[in-house]
Number of protein chains: 2
Amino acid sequence: METVQLSRKEQIVLASAKLFREKGFEAASMRDIARALGIEAASLYSHIKSKDELLEIICFRMADRLLKAIDEVNDIYFNAEEKLRMAISNHVKIVTDDLDASSVFLREWRHLKPEKLKEFIPLRNKYEDGFTHILVNGENENVFEAADKKFAVLTILSAVNWITEWYQPNGSKSPGEIAGHLSDFILTGLKVKTPA
Amino acid sequence: METVQLSRKEQIVLASAKLFREKGFEAASMRDIARALGIEAASLYSHIKSKDELLEIICFRMADRLLKAIDEVNDIYFNAEEKLRMAISNHVKIVTDDLDASSVFLREWRHLKPEKLKEFIPLRNKYEDGFTHILVNGENENVFEAADKKFAVLTILSAVNWITEWYQPNGSKSPGEIAGHLSDFILTGLKVKTPA
DNA sequence: CCTACCGATCGGTAGG
DNA sequence: CCTACCGATCGGTAGG
């Protein structure tokens with residue numbers, strides 16, 4: 001029966017993620033965020049430095065979560081297919097677990113200040129590299145074939161990221177089921193496997 | 001040696017697409033657009049009604065192009081695999097042909113006025129339906145299998161749409177090659193087809 | 001296409 | 001956490 005008490009700062013981050021997602025970073029105002037919390041805009045600045053800080057917290061937090069997950073998958077021993085299924089499953093779970101933050105992470109990162117962008121982009125690249133590593137594993141094991149691995153990784157990530165655009169928490173599929181379907185699709189494609 | 005003379009309005013639309021893509025619809029100002037054309041912001045209003053009109057032109061024009069393409073594919077007789085390859089190829093070509101407008105169409109449509117959003121969303125759905133139709137065809141021909149067709153369509157569209165995020169006109173792959181690779185990937189997936 | 005300008009709203013600060 | 005406020009900038013209009 002214990003309700004976790006979020007710090008005021010954490011409440012502000014949560015409210016801003018929701019509004020950044022709904023209206024976009026630029027269109028959502030500090031006054032909107034304050035209103036959502038029932039306080040005045042000026043009061044926000046006792047807890048945060050700037051509007052930019054909110055975007056930074058959201059984007060870098062999501063990046064950290066995803067990177068930790070992919071590193072874990074690559075550290076623990078699995079064969080390549082298991083690794084890929086785990087990586088996709090982790091990604092889907094992280095993203096569906098916080099749709100507001102994920103959407104902002106995926107859509108609004110462009111509005112990070114140039115200096116923060118310079119930190120952010122390498123994190124995204126590192127995440128991509130984690131997937132590339134799995135594909136290389138798979139090729140060595142003779143279970144995957146992908147002529148252009150970078151291309152394959154971008155395609156896989158596009159599919160897992162697009163989930164934020166249509167996923168509904170009360171929909172018919174659980175995150176685990178979505179991840180399973182997606183993995184099957186990525187592994188074997190659309191064509192019938194047993195000739196008709 | 002003939003240079004096509006664009007109307008001033010068309011120049012404004014082009015400049016706004018570039019800026020909406022770079023900065024986002026809200027962050028790009030009418031003064032930015034005017035500066036790009038070497039005129040004053042107030043002068044823009046001799047050619048357009050409002051900033052919103054610019055976004056509407058960009059979004060609905062892209063929607064029209066894509067819808068025409070998918071209708072054409074479904075009208076002309078092809079088998080399902082050819083249809084899918086053609087639909088993907090058309091999509092990639094339309095999107096890479098105008099990356100500014102495509103990016104705005106894919107990212108900034110949320111900022112359309114509510115009344116325009118109500119027109120826009122059905123167009124996106126109609127486009128999705130065009131792809132669903134191809135998958136149904138394929139199932140009837142016993143060449144495709146997709147337990148959840150809506151899911152498969154969303155995955156396919158995510159892959160073709162993500163192209164705007166990384167495609168570079170001077171890159172190593174032509175739009176046709178990208179479409180070919182993508183179609184192969186979607187049709188057969190990552191797994192090796194001939195057992196090792 | 002320009003000058004001159006409008007009211008509204010923005011992110012943020014001072015000072016309590 | 002609030003009141004009171006700042007300079008800057010926004011989309012857009014009037015009138016030529």
Side-chain angles (χ1 to χ4, degrees), chain A residues 5-60 100 104 107-117 120, chain B residues 5-60 100 104 107-117 120:
Chain A
Q5 180 72 354
L6 292 175
S7 72
R8 203 56 163 153
K9 181 164 184 176
E10 218 38 57
Q11 293 176 26
I12 294 170
V13 171
L14 236 62
S16 70
K18 180 158 182 264
L19 283 156
F20 291 166
R21 179 189 184 193
E22 280 170 12
K23 307 180 117 191
F25 174 71
E26 298 280 348
S29 72
M30 295 308 276
R31 282 154 181 88
D32 289 332
I33 297 169
R35 195 180 312 119
L37 296 165
I39 61 177
E40 292 300 318
S43 306
L44 294 170
Y45 292 91
S46 323
H47 302 98
I48 55 152
K49 286 206 312 282
S50 64
K51 190 184 182 187
D52 293 311
E53 192 196 355
L54 290 171
L55 182 61
E56 291 158 16
I57 292 173
I58 295 166
C59 289
F60 283 92
D100 292 334
V104 173
R107 265 191 241 145
E108 305 296 328
W109 59 272
R110 282 166 245 271
H111 298 285
L112 288 167
K113 295 269 157 197
E115 13 140 7
K116 292 292 170 181
L117 251 185
F120 182 77
Chain B
Q5 181 71 355
L6 291 175
S7 73
R8 203 55 163 154
K9 180 164 184 176
E10 218 38 57
Q11 292 175 28
I12 294 170
V13 172
L14 235 61
S16 70
K18 182 160 181 263
L19 283 156
F20 291 167
R21 179 190 183 192
E22 280 170 10
K23 308 180 119 193
F25 175 70
E26 297 281 348
S29 72
M30 295 307 276
R31 282 154 181 88
D32 289 332
I33 298 169
R35 194 179 314 120
L37 296 166
I39 60 177
E40 292 299 319
S43 305
L44 295 169
Y45 292 90
S46 324
H47 302 97
I48 55 151
K49 285 206 310 283
S50 65
K51 191 184 180 187
D52 293 309
E53 191 197 354
L54 290 170
L55 182 61
E56 290 158 16
I57 291 173
I58 295 166
C59 289
F60 283 92
D100 292 334
V104 173
R107 266 191 240 146
E108 306 296 328
W109 59 270
R110 283 164 243 271
H111 298 283
L112 288 167
K113 295 268 157 197
E115 13 139 8
K116 293 292 170 178
L117 251 186
F120 182 77

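Lettering follows sequence order; numbering is per chain, from 1.
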Residue-phosphate contact under 4.0 Å: B:Ser43 side-chain N/O, C:dC2 OP1/OP2:
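Affirmative; the distance criterion is met.
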
Considering only side-chain heavy atoms of [X], which listed nucleotide, [options], is closest?
{"X": "B:Asp52", "options": "D:dG12, C:dT13, C:dC1", "result": "D:dG12"}
{"X": "B:Ser46", "options": "C:dC1, D:dG12, C:dT13", "result": "C:dC1"}
{"X": "B:Glu40", "options": "C:dT3, D:dG12, D:dC1", "result": "C:dT3"}

Write down the partner of D:dG15 under the Watson-Crick or G-U wobble criteria, each distance required to be under 3.5 Å.
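Across all strands, the one nucleotide that pairs with D:dG15 is C:dC2.
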
Can you tell me the Watson-Crick or wobble partner of C:dT9, both distances under 3.5 angstrom?
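WC or wobble partner is D:dA8.
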
Between CD of A:Glu108 and CZ of A:Arg21, what distance do you get to the nearest 0.5 Å?
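So the gap between those two atoms works out to 11.5 Å.
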
Quick one: [X] [atom1] to [N] [atom2], roughly how many Å, whole number?
{"X": "B:Lys49", "N": "D:dT13", "atom1": "NZ", "atom2": "P", "result": "11 Å"}
{"X": "A:Asp32", "N": "C:dT9", "atom1": "CG", "atom2": "C1'", "result": "11 Å"}
{"X": "A:Leu54", "N": "C:dG11", "atom1": "CG", "atom2": "P", "result": "11 Å"}
{"X": "A:Tyr45", "N": "C:dG11", "atom1": "OH", "atom2": "P", "result": "6 Å"}
{"X": "B:Lys51", "N": "D:dT13", "atom1": "NZ", "atom2": "P", "result": "15 Å"}
{"X": "B:Ile33", "N": "D:dG11", "atom1": "CD1", "atom2": "P", "result": "8 Å"}
{"X": "A:Lys23", "N": "C:dG11", "atom1": "NZ", "atom2": "P", "result": "10 Å"}
{"X": "A:Arg35", "N": "C:dG11", "atom1": "CZ", "atom2": "C1'", "result": "15 Å"}

Please work out which of the three classes, parallel, tilted or perpendicular, describes the rings of B:Phe60 and B:Phe120, given edges at 30° and 60°.
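Plane angle over 60°, so perpendicular.
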
Upstream residue (5' side of DNA chain D) when A:Ile39 and B:Arg31 are each assigned their closest nucleotide
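Nearest nucleotide further toward 5': that of A:Ile39.
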
Of B:Glu26 and A:Ala42, whose nearest nucleotide on DNA chain D comes first from the 5' end?
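Looking at the nearest nucleotide for each, A:Ala42 comes out on the 5' side.
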
Would you indicate what B:Ser29 reaches in the nucleic acid, counting non-hydrogen atoms under 4.0 angstrom: base, sugar-phosphate, or nothing?
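Answer is sugar-phosphate: B:Ser29 comes under 4.0 Å of backbone atoms only.
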
For A:Ala28, answer base if it contacts any base atom (sugar-phosphate contacts may also be present), sugar-phosphate if it contacts only those atoms, and nothing otherwise; contact means non-hydrogen atoms under 4.0 Å.
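Sugar-phosphate only.
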
Find out whether A:Lys51 and A:Phe25 are in side-chain contact, i.e. whether some heavy atom of one side chain is under 4.5 Å from a heavy atom of the other.
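Answer yes - side chains close enough.
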
For B:Ser16, run the side-chain contact (heavy atoms from CB on, under 4.5 Å) check against B:Ile57, B:Val104, B:Ile33 and tell me which one passes.
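One option only clears the test, and that one is B:Ile33.
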
Salt-bridged, B:Glu53 to B:Lys9, with N to O below 4.0 Å?
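A salt bridge is present here (some side-chain N lies under 4.0 Å from a carboxylate O).
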
